[in-house]
Structure formats: C-alpha cells, structure tokens
Participant: 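Sharing a structure with you now.
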Amino acid sequence: MPTVLAVETSCDESAAAVVRDRQVLASAVASQVEEHARWGGVVPEIASRRHVEALPQLVERVMAESGLNYADLDAIAATVAPGLVGALLVGSITGRTLARLHGLPFLGVHHLEGHLCSVQLGEPLPPGPYLVLLVSGGHTELVRVDGVGSYQRLGRSHDDAAGEAFDKVARLLGLGYPGGPAIQAAAATGDSQRFPLPKGRVSRPEGGFHPYDFSFSGLKTAVLRLVQRLEQEPQELPVADIAASFERVVAEVLVERSCRCALDQGLDTVVLVGGVAANRRLRQAMEERCAVLGLQWRVAPLAYCTDNAAMIGVAGAARLASGARSGCDLGVMARLTLEQAGSLYETRSGCKSL
Ligand code: KG4
Ligand code: ZN
C-alpha cells in the first residue's frame with residue numbers, strides 16, 4: 001500500500017494531502033475563491049502567486065497531521081496537466097524538489113485521472129469496467145474505465161463544460177462566483193418546472209444527433225434571453241425559479257446521456273466525479289434514474305468532488321503500484337487528454353537525492 005504526499009495547483013485551489021492507498025491520512029485545501037470572485041472568474045497570474053504563498057504551509061501541515069516523516073513516504077505526486085501553466089508549475093516544482101531532496105520517486109499526475117480516482121475515497125467500487133461522468137469547471141466527459149490508465153472517452157461537451165455553464169448562468173443572475181454552489185442555494189426554494197429550457201444536442205455530420213455528447217451554450221443563451229424578457233416585466237426577476245429550472249435541465253441532460261451510454265456499452269455502474277458532482281439535484285437525479293434502470297451508481301465523497309490533493313495522491317499511488325514513475329524533468333501541460341495520461345510516466349528511474 002503506497003504512501004504518497006500529493007500537491008494540486010492546477011487552477012484556483014492550492015491543496016496538499018498524504019494518502020495511503022485509498023485512505024486519506026491528511027488533506028488540506030486553501031481556496032482562492034474569494035479573491036477571484038472579485039473578477040468573476042479565475043485570474044491566472046493571481047492564482048500562481050497565491051499557490052506560491054500557500055503551498056509550503058499546506059505541505060507542512062499535512063505532513064504534521066499525518067504523523068509521518070518523509071522517510072515513511074513511497075513517492076511525491078503533483079498535478080502536471082491539464083490546467084493553468086503558471087499554476088501547474090508551482091505544484092510541479094514543489095513536488096519534484098521534494099522528491100529530489102528526499103530521494104523519492106516523482107509522479108506527475110493528470111488532473112482528470114485524479115478526479116476519476118476521487119470516487120475511490122468513498123464506498124468501495126464494484127469490479128470494473130464502469131462509466132464515469134466527469135463534470136467539472138473545465139470538463140464534461142463520459143469516460144469508460146477498464147483499469148488504471150485504461151480510459152476511453154465516449155462523450156464530451158462541444159462548448160462550455162457543465163461547471164462553466166453554472167458559473168456563467170450564476171453571473172447572469174447576479175449570484176456571484178463560483179456559480180455551482182450559488183445556483184444550488186438559490187434553486188432550493190425555486191420551481192424547477194416553471195421555465196422550459198433546451199437540452200442542447202450535438203448534430204452529427206452524417207445526420208441525427210450524437211447520443212452521448214453535450215452542448216451547454218444554447219442553454220446559457222436561452223437563460224440570457226429569458227432574463228432579458230423577464231427584466232421588461234414589472235415583477236422582480238424570479239431568480240430562484242430560473243436557477244431551479246436551469247439546474248433541473250442540466251441534471252436531466254447529464255443523467256439521461258450517461259445512463260444511455262452505460263446501457264449501450266453494457267456497463268452496469270455509473271460513477272459521478274468532479275466539482276459539479278457536488279450538486280444535490282444531480283446526485284438525486286442520478287440515484288433515481290439508476291434505480292429505475294437497474295444500474296449501480298457511485299459518487300465521490302462531497303469533500304473530494306471539487307479540487308483537492310487527496311484524489312491526486314490516490315491516482316499517484318495507483319500509478320506507483322503499477323510500476324510507473326515520472327522523469328524528474330517532466331514539464332507541465334495546459335492541455336492533455338486522459339487517453340494521453342500514460343505519457344507522463346516512464347519505467348523506473350526515480351530522482352537521485354541531493
Ligand atoms: O472540479 P472543480 O473543483 O475544478 C475543475 O477542475 O474545474 O470544479 C469546479 C466547478 C465550478 O464550475 C463550480 O461552479 C462547480 O464545479 N460546482 C458546482 C457545485 N459545486 C461546485 N456545480 C453545481 N453544483 C454544486 N454544488
Ligand atoms: Zn478539477
């Protein structure tokens with residue numbers, strides 16, 4: 001059971017964790033949300049600076065909380081792709097330096113592989129293969145998982161990611177950033193059936209629609225038009241009803257296409273991960289639909305849906321157990337598909353200690 005110190009700095013959360021296989025010994029996240037909220041989104045330059053300031057204390061804190069020394073660790077892991085390059089560099093340099101200093105192997109982890117692994121921090125999974133719906137601020141993907149590093153993308157968004165749609169619609173409704181939790185809170189008292197909204201479909205060149213792909217830009221525009229129309233009326237904008245109707249449609253689309261994909265592929269388990277997996281209505285809709293269809297479902301624990309380092313540690317531990325190591329000169333990448341995650345590893349070499 002490998003023990004791994006992991007750091008995560010791909011976007012606006014600085015995070016560190018110590019995990020032993022699937023057990024979290026310590027985990028800490030320093031969110032920069034309040035600072036970015038002033039600008040309505042993540043400002044890359046600010047994100048990098050805050051990571052530089054926060055990461056050393058976070059690493060110290062999780063090491064102290066775990067009760068372990070560096071000699072007890074088997075590897076150091078850091079997110080190296082995809083994400084904001086300046087932000088990724090902070091975690092990558094921290095991870096590689098610690099690895100070198102303590103003579104430990106370094107594992108450069110794909111952020112989405114971390115999200116895929118976050119479900120392992122909850123209830124044990126039935127034996128694979130299974131279908132993962134990965135819904136975050138940057139990605140909306142349906143991924144067939146057959147084992148560590150064996151991923152096949154079966155569906156994706158052609159424009160906004162689901163989390164991005166939450167963030168943009170929240171801004172339209174004056175609900176602030178990040179939009180997901182704000183919309184969920186506003187929607188709690190709203191009538192989700194009040195406004196019919198479109199379930200964005202993606203056309204195929206050969207005709208018909210792609211059964212597992214998503215498009216959220218039309219939905220966002222529909223909410224914009226609705227808001228513009230309602231603002232002409234004397235009544236106050238029905239923010240709760242609009243938020244609830246939007247949230248319902250996003251949850252329905254995600255659940256319908258995931259379940260269809262799982263059934264078509266002969267997969268009997270659907271797994272929900274990523275920041276949007278924290279959404280209450282989505283979790284409930286997935287649970288209900290899977291029960292009707294006789295599918296099993298799992299969701300990442302709430303604390304590990306949004307960005308964290310524990311999931312990076314689990315992914316690193318899984319790669320380490322399969323004999324993988326990253327080179328000490330591994331760079332960072334703004335873009336890298338999940339299918340390419342294996343390119344981050346080479347056969348055993350390890351970093352020489354100083
Ligand atoms: O996975 P994550 O922390 O970062 C990325 O890798 O992108 O996801 C962040 C996204 C944001 O767009 C945020 O609005 C959304 O997850 N989110 C939610 C909820 N909590 C976070 N969306 C809907 N409902 C929530 N409760
Ligand atoms: Zn993420």
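Every heavy atom of this structure was used, including side-chain atoms; hydrogens, water molecules and symmetry mates were not. Start at 1 and go down the list; that is how both ligands and their atoms are numbered.
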Participant: Counting only nitrogen or oxygen atoms and a 3.5 angstrom limit, does N279 reach ligand 1?
Facilitator: yes
Participant: Do any N or O atoms from the side chain of S215 and from the backbone of R201 form a donor-acceptor pair under 3.5 angstrom?
Facilitator: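 Judged by distance alone, no pair lies under 3.5 Å.
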Participant: Looking only at N, O or S atoms, which one in D307 sits nearest to the Zn ion (ligand 2)?
Facilitator: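 When I compare the N, O and S atoms of D307, OD1 is nearest to the Zn ion (ligand 2).
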Participant: Name the closest protein heavy atom to atom 18 (C) of ligand 1, giving the residue it belongs to and the distance to 0.1 Å.
Facilitator: G180 CA, 3.4 Å
Participant: Is a side-chain donor or acceptor of R96 paired with a backbone partner of C328 at a separation under 3.5 angstrom?
Facilitator: yes
Participant: Heavy-atom distances under 4.0 Å decide this one: backbone, side chain, both or neither, for H139 against ligand 1?
Facilitator: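 For H139, there is no contact with ligand 1 at all, from either part.
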Participant: Take S343 and Q340, measure what side chain to side chain donor-acceptor pair (under 3.5 Å) needs, and give me the verdict at the end.
Facilitator: CA-CA 6 Å; S343 68; Q340 295 169 314; over 6 Å; no
Participant: Can a donor-acceptor pair be found, under 3.5 Å and without considering hydrogens, that links the side chain of E8 to the backbone of S10?
Facilitator: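 Yes, E8 side chain to S10 backbone: donor-acceptor pair under 3.5 Å.
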Participant: Mind checking whether the Zn ion (ligand 2) has an N, O or S of H111 under 2.8 Å?
Facilitator: yes
Participant: Find all atoms of ligand 1 within a distance of less than 4.0 Å from any non-hydrogen atom belonging to G179, and give their numbers and elements.
Facilitator: 14 (O)
Participant: State whether the side chain of D167 and the backbone N or O of G179 hold a donor-acceptor pair below 3.5 Å, judged by distance alone.
Facilitator: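 At least one qualifying donor-acceptor pair exists.
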Participant: Quick test: of every protein heavy atom, which one is nearest to atom 21 (C) of ligand 1, and how far off is it to 0.1 Å?
Facilitator: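 Going atom by atom, the protein heavy atom closest to atom 21 (C) of ligand 1 ends up being G275 O, 3.4 Å.
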Participant: Provide the number and element of each atom of ligand 1 under 4.0 Å from a heavy atom of H111.
Facilitator: 6 (O)
Participant: Looking only at distance, does P178 have an N or O less than 3.5 Å from an N or O of ligand 1?
Facilitator: no
Participant: State the atoms of ligand 1, each with its element, that fall below the 4.0 Å cut-off from a heavy-atom position in P181.
Facilitator: 19 (C), 20 (N), 21 (C), 25 (C)
Participant: Check each atom of ligand 1 against the heavy atoms of G163 and keep those under 4.0 Å away; list them by number with element.
Facilitator: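 Those of ligand 1 that fall under 4.0 Å from G163 are 12 (O).
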Participant: Using heavy-atom distances, let me know which of V42, D167, V135 sits nearest atom 14 (O) of ligand 1.
Facilitator: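 Among V42, D167, V135, the closest heavy atom to atom 14 (O) of ligand 1 comes from D167.
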Participant: Output the list of atoms in ligand 1 that are nearer than 4.0 Å to some heavy atom of Q184, sorted by atom number.
Facilitator: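 Selected atoms, number and element: 26 (N).
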Participant: Any side-chain donor-acceptor pair under 3.5 Å between S14 and H51?
Facilitator: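 Per modelled atom types, S14 and H51 side chains form a pair under 3.5 Å.
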Participant: Considering only heavy atoms of T306, which atoms of ligand 1 have at least one such atom less than 4.0 Å away?
Facilitator: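 So the answer, numbered in order with elements, is 3 (O), 21 (C).
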Participant: Does any non-hydrogen side-chain atom of L344 lie less than 4.5 Å from one of R319?
Facilitator: no
Participant: Using 30° and 60° as the class boundaries, would you call the ring planes of F166 and F246 parallel, tilted or perpendicular?
Facilitator: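 Because their plane-to-plane angle is over 60°, the rings of F166 and F246 count as perpendicular.
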Participant: Tell me yes or no: between the side chains of S217 and D160, is some donor less than 3.5 Å from an acceptor?
Facilitator: no
Participant: Please determine which of E45, Q32, E35 meets the side chain to side chain donor-acceptor pair (under 3.5 Å) test together with R50.
Facilitator: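 Of all the options given, the one that passes is E35.
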Participant: So, Q296 versus Y130: side-chain donor-acceptor pair below 3.5 Å or not?
Facilitator: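 No pair is found: no donor N or O on one side chain lies under 3.5 Å from an acceptor on the other.
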Participant: I'd like to check which ligand 1 atoms, numbered from 1 as shown, lie under 4.0 Å from a non-hydrogen atom of G138.
Facilitator: 7 (O)
Participant: Between F216 and F214, how do the two ring planes meet: parallel, tilted or perpendicular, split at 30° and 60°?
Facilitator: parallel
Participant: Just to confirm my output: which protein heavy-atom neighbour is closest to atom 10 (C) of ligand 1, and how far is it?
Facilitator: G137 N, 3.5 Å
Participant: At what distance is the nearest protein heavy atom to atom 3 (O) of ligand 1, and which residue and atom is it?
Facilitator: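 The answer is D307 N, 2.9 Å.
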Participant: Please determine if H115 has a nitrogen or oxygen closer than 3.5 Å to a nitrogen or oxygen of ligand 1.
Facilitator: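 N/O-N/O distance below 3.5 Å exists for this pair.
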Participant: Measure from the Zn ion (ligand 2) to each N, O or S atom of H115 and report whether any distance is below 2.8 Å.
Facilitator: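 It does; at least one qualifying atom falls short of 2.8 Å.
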